[in-house]
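As structure tokens, the structure follows; a few thoughts come after it.
Since we're looking at a predicted model, the values are computed, not measured. Here, residue 1 is the first one in the sequence, and each next residue gets the next number.
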Amino acid sequence: MANDASAVFDTLSPAVSGGSLADPFTPPADSSLWRKNFLLGAATASYQIEGAVNEDGRLPSIWDTFSAIPGKVLAGDTGAVACDHYHRWEADVDMLASLGLEGYRLSIAWPRVMDAAGVPNRKGLDFYKRLLNRLKEKGITTFVTLYHWDLPQHLEDRGGWLNRDTAYRFADYADLMSRELAGTVDAWATLNEPWCSAYLGYGNGHHAPGLANDRFATQAMHHLLLAHGLAVPVLRANDPASQKGIVANIGRGTANSESAADQRAAHLFEVQHNAWILDPLLKGSYPQDLFELWPGTEPLVLDGDMETISAPLDFLGINYYFRTNVASDGAHGFRDVPLEGVERTQMGWEVYPDGLRDLLTAFRKTYHNLPPIYITENGMASDDQVTDGHVEDTQRISFLKRHLAAVDQAIKAGVDIRGYFLWSLMDNFEWAFGYERRFGVVHVDYSTQKRTIKRSAQWVAKFLKERKARA
Ligand code: IFM
């Protein structure tokens with residue numbers, strides 16, 4: 001297929017599958033990736049890297065509780081130590097800077113910075129101040145996510161995201177953080193992937209807090225989005241110079257056949273994964289098809305909520321990983337039909353760069369007010385091993401090249417995309433999969449905390465160096 005992102009890339013760089021550094025990524029002269037102001041960075045999240053869960057007054061989060069329950073996380077792993085970033089942050093920032101990465105997306109652990117009564121925890125705040133100041137000194141653009149899933153356990157004990165009050169507590173937290181950190185943050189994202197918080201946390205129970213009820217999921221989503229909407233004006237008032245946005249994971253769903261039932265199933269898949277979040281944010285309403293999929297699960301929405309939720313954004317963060325092939329389940333839903341013979345990652349996720357381009361170009365048509373976009377996460381897990389001091393993660397290099405080509409194609413099709421953060425800077429705690437799944441461009445040996453730069457990170461660094469030299 002002529003416009004297949006992988007195919008286009010192969011014509012640009014014949015050794016794409018080998019990932020050899022001798023054959024560096026050389027996009028065509030007109031590629032948007034050469035633009036100096038196209039931000040290239042890496043992302044992480046607090047619970048996945050920080051560790052130090054009992055230090056300096058940090059309170060328990062729902063992930064401390066959930067990961068302590070036998071059977072919830074592979075091998076019984078928890079984030080108690082993770083990458084020990086809380087103690088190694090200086091060296092980690094040096095490593096990020098040495099790779100030439102221009103942006104860093106991190107998240108703040110809510111239970112580290114304020115207690116149940118809303119009293120600030122100075123030691124926790126100082127950690128983020130030191131970190132962000134150092135990033136600024138290094139000239140790195142900072143994207144800060146306020147909520148990447150580590151809800152304080154004391155809030156979950158009062159109903160968590162099922163309790164409307166949690167949205168107001170989130171606005172208080174956003175107020176504190178934006179007053180304390182104003183000037184060190186270039187872009188604030190209120191939430192990371194509300195789909196995961198609502199659906200995996202309250203709908204199927206695969207994530208903390210582990211509840212499984214579709215009605216809970218829609219109500220949790222409403223309160224998450226309300227929290228976002230309440231926080232945006234607070235962030236604007238306290239830190240006017242920064243950008244304000246939210247990060248959504250998006251999923252491509254394709255139909256297993258031409259049948260009307262399977263086409264409808266693919267549509268419903270994308271409604272559940274994408275429109276459930278993007279419609280309220282960008283249209284001010286929930287997609288009614290969602291309630292065909294989950295009859296009787298309409299959330300309780302109070303007057304004014306949808307206006308609060310749909311206030312204009314400065315940017316939309318998009319996280320993309322894979323596509324899902326689906327068929328009708330014979331009732332009013334869909335079921336996965338895994339395709340055979342396709343390339344997959346250690347997660348079992350299909351490598352499908354075209355999905356990123358296709359979704360972005362479709363959103364541009366669906367949402368006339370689509371804000372500027374940053375790809376806030378994209379990457380893959382592989383079973384990386386260190387051999388003679390090296391990690392040859394050639395599949396990841398190929399994956400990144402093909403997804404960056406898809407981003408370039410979307411830009412050429414008119415989508416305003418301003419940057420790309422690879423997930424992740426380093427291997428880390430992959431939620432229900434613990435430490436087995438390695439998403440980093442830097443390898444972490446969890447027994448020694450030694451970091452080893454993988455080939456993929458060298459490749460990114462090389463491209464960034466070349467781009468800088470050409471600027
Ligand atoms: O590790 C996660 C991240 O926390 C959120 N987005 C998806 C990543 C890979 O599963």
Inset, instruction - Mind telling me whether His207 and Trp63 have parallel, tilted or perpendicular rings, with 30° and 60° as the class edges? - result: perpendicular

Inset, instruction - Would you please classify the geometry between the Tyr374 ring and the Phe315 ring as parallel, tilted or perpendicular, with 30° and 60° separating the classes? - result: perpendicular

Could you give the distance from [atom1] ([X]) to [atom2] ([Y]), rounded to the nearest 0.5 Å?
{"X": "Asn133", "Y": "Lys136", "atom1": "CG", "atom2": "NZ", "answer": "10.0 Å"}
{"X": "Leu176", "Y": "Ile108", "atom1": "CG", "atom2": "CD1", "answer": "9.0 Å"}
{"X": "Leu151", "Y": "Trp149", "atom1": "CG", "atom2": "CH2", "answer": "13.5 Å"}

Using 4.0 Å as the upper bound for N to carboxylate O, is an ion pair formed by [Y] and [X]?
{"X": "Asp165", "Y": "Arg158", "result": "yes"}
{"X": "Arg58", "Y": "Asp56", "result": "no"}
{"X": "Arg88", "Y": "Asp84", "result": "yes"}
{"X": "Lys123", "Y": "Asp126", "result": "no"}
{"X": "Glu50", "Y": "Arg112", "result": "yes"}
{"X": "Arg402", "Y": "Asp354", "result": "no"}

Could you tell me whether the side chains of [X] and [Y] share a donor-acceptor contact shorter than 3.5 Å?
{"X": "Asp336", "Y": "Thr324", "answer": "no"}
{"X": "Asn238", "Y": "Asp175", "answer": "yes"}
{"X": "His87", "Y": "Glu55", "answer": "yes"}
{"X": "Ser382", "Y": "Gln395", "answer": "no"}
{"X": "Asp186", "Y": "Ser242", "answer": "no"}
{"X": "His85", "Y": "Asp92", "answer": "yes"}
{"X": "Thr184", "Y": "Tyr128", "answer": "no"}
{"X": "Thr166", "Y": "Asn163", "answer": "no"}

Legend entry - Asp427 vs Arg437, salt bridge (charged side-chain N to carboxylate O under 4.0 Å, His left out): CA-CA, chis, key distance, verdict: CA-CA 8 Å; Asp427 296 338; Arg437 310 292 161 93; over 6 Å; no

Legend entry - Selection residues 226-249 - residue pairs positive for ring pair (Phe, Tyr, Trp, His ring centres under 6.0 Å), sequence neighbours left out: none

Legend entry - Derivation and outcome, side-chain hydrogen bond (donor to acceptor under 3.5 Å, both in side chains), residues Asn428 and Glu430: CA-CA 6 Å; Asn428 57 49; Glu430 177 51 26; over 6 Å; no

For [X], what residues pass the side chain to side chain contact (heavy atoms under 4.5 Å, CB included) criterion, not counting sequence neighbours?
{"X": "Pro209", "value": "Ile62, Glu156, Tyr202, Leu211"}
{"X": "Tyr320", "value": "Ile250, Arg252, Arg323, Tyr352, Leu356, Leu359, Asn378, His403"}
{"X": "Ala45", "value": "Gln48, Ser107, His148, Trp423"}

Of all heavy-atom pairs between [X] and [Y], which one has the smallest distance, and what is that distance?
{"X": "Ile411", "Y": "Ser32", "value": "CD1-OG, 3.2 Å"}
{"X": "Leu293", "Y": "Gly333", "value": "CD1-CA, 3.6 Å"}
{"X": "Asp94", "Y": "Lys138", "value": "OD1-NZ, 3.1 Å"}
{"X": "Ala231", "Y": "Thr190", "value": "CB-CG2, 4.0 Å"}
{"X": "Phe421", "Y": "Gly103", "value": "CE2-C, 3.8 Å"}
{"X": "Leu162", "Y": "Phe216", "value": "CD2-O, 3.4 Å"}

Got [X] and [Y] here, is their nearest side-chain heavy-atom distance under 4.5 Å?
{"X": "Leu224", "Y": "Phe170", "answer": "no"}
{"X": "Gln153", "Y": "Asp64", "answer": "no"}
{"X": "Leu40", "Y": "Leu464", "answer": "yes"}

Got a list of side-chain donor-acceptor pairs under 3.5 Å for residues 279-287, not counting sequence neighbours?
{"unit_1": "Asp279", "atom_1": "OD1", "unit_2": "Tyr367", "atom_2": "OH", "d": "2.6"}
{"unit_1": "Tyr286", "atom_1": "OH", "unit_2": "His222", "atom_2": "ND1", "d": "2.7"}

Legend entry - More than 12 heavy atoms from other groups under 6.0 Å of NZ on Lys129: yes

Legend entry - Greater than 12 external heavy atoms within 6.0 Å of Asn54's CG: no

Legend entry - Asn192: which of Asn319, Thr376, Asn249 passes side chain to side chain donor-acceptor pair (under 3.5 Å): Asn319

Inset, instruction - List the steps and the verdict of salt bridge (charged side-chain N to carboxylate O under 4.0 Å, His left out) for Asp445 and Arg451. - result: CA-CA 7 Å; Asp445 178 334; Arg451 276 67 163 146; over 6 Å; no

Inset, instruction - May I ask you to check whether Tyr199 and Trp294 place their ring centres under 6.0 Å from each other? - result: yes

Inset, instruction - Answer yes if the ring centres of Phe429 and Tyr435 are under 6.0 angstrom apart, and no otherwise. - result: yes

Legend entry - Residue pairs, two or more places apart or on separate chains, that pass salt bridge (Lys or Arg N to Asp or Glu O under 4.0 Å) and touch residues 216-239: Arg236-Asp314

